[in-house]
Amino acid sequence: MILKQFLNAKRERGFDPDLLELVQTIADATIKISKQLRVAVLHGHVGATEETNVQGEVQKPLDVIADNVFVEACQTSAAVSFAVSEEQDNEIPVSATGKYAVIFDPLDGSSNLDVNVTVGSIVSVIPAKASSELLQPGRNQVFAAYAAYGPSTSLVLTFGDDVDFFSLNADEEYELADADVKIPSGNAEFSINTSRQNIWDKPVQDYIAASLAGEGVYTKRYNMRWVGSMVADVHRILTRGGIFLYPKDTKDPTKPGKLRLMYEANPMAMLIEQAGGAATTGYQRILDVQPEKLHQRVPVILGSKNEVERVLGYHSA
Ligand code: AFP
């Protein structure tokens, strides 16, 4: 089944046609980005620009290209009130009659671009007519998705009922590869940047130490994987289980974690929960965090439910 047919079936089941059309537009934007990525080296689009974004991060040419693709896609849809991008300081007003805000990281993991490692796009859609309505907790999302640009291009999405996994076929159309995806439990594998170990929050230090030792409830010593593109790491966990952590640390007290709430943590948390997993800051369910600003950062711990519960056990000990 291709995405168009999947969305038609949703229409028949009473989903908002404007939202479904918007999702097709978002999917088309990711196909455009996938095509650009394939030829990026040949077009000299790797390396850095001379610009930095609102996060203070150096922009890559493909960050800018992907951002333009997303913003232009949003601008073609009358259903969109605002576009909010990692690459833009402020929200971009789109249509005065729009009812959905599209919040996105157009190209996540872009420091992996120069070495041809999987990167992705992450998207969240919330109901919002006015800019005063943008700072909503993630539980209000009506749609979340990521595209992973790897050996194949994957689109994984949820409308809040289940999680469906599409793969780009030879005709450049998204074809359903797996419906109602559920995260397996029991995969003894964690994903964390261990170079920051000495500054992690103490409960996370204790959890990782115990899982490495294979002590107590841990029946074997854990394995580690870290791509450094959240999309790739989350896609692996969604597929075979395990846990992803970018915890609170002591590096900079003004930054409670590295990842951004509204266009990284929230959409991933919605997908993970819908797939039967869990997502927390260590202290609160991610989807219940009340955003105070668009580019807010938050600690992220997500993956197989039993594993996230183990980490939470160290926080409440
Ligand atoms: P970039 O987009 O700057 O490459 O950052 C990627 C990211 O936001 C997320 O996708 C990764 O999980 C995380 O940062 C990697 O962080 P480290 O640089 O600490 O490995």
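Residue numbers count from 1 along this sequence. We count ligands from 1, going down the list as the structure has it; atoms in each ligand are counted the same way.
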Looking at Arg11 and Asp16, is any side-chain nitrogen of the basic one under 4.0 Å from a carboxylate oxygen of the acidic one? no
Are the aromatic ring centres of Trp226 and Phe244 under 6.0 angstrom apart? yes
Using atom types as modelled and distance alone, determine if a side-chain donor or acceptor of Asp252 lies under 3.5 Å from a backbone N or O of Thr254. yes
For ligand 1, give me the residues whose heavy-atom distance to it is below 4.0 Å, by chain and number please. Asp108, Gly109, Ser110, Ser111, Asn193, Trp226, Gly228, Ser229, Met230, Phe244, Tyr246, Lys258, Leu259, Arg260, Glu264
Can you name the one residue among Thr30, Thr153, Asn169 that meets side-chain hydrogen bond (donor to acceptor under 3.5 Å, both in side chains) with Tyr174? Thr30
Using a strict 4.0 Å threshold on nitrogen-to-oxygen distance, state whether Asp28 and Lys32 make a salt bridge. no
Any salt bridge linking Lys99 with Asp18? Criterion: basic side-chain nitrogen under 4.0 Å from a carboxylate oxygen. yes
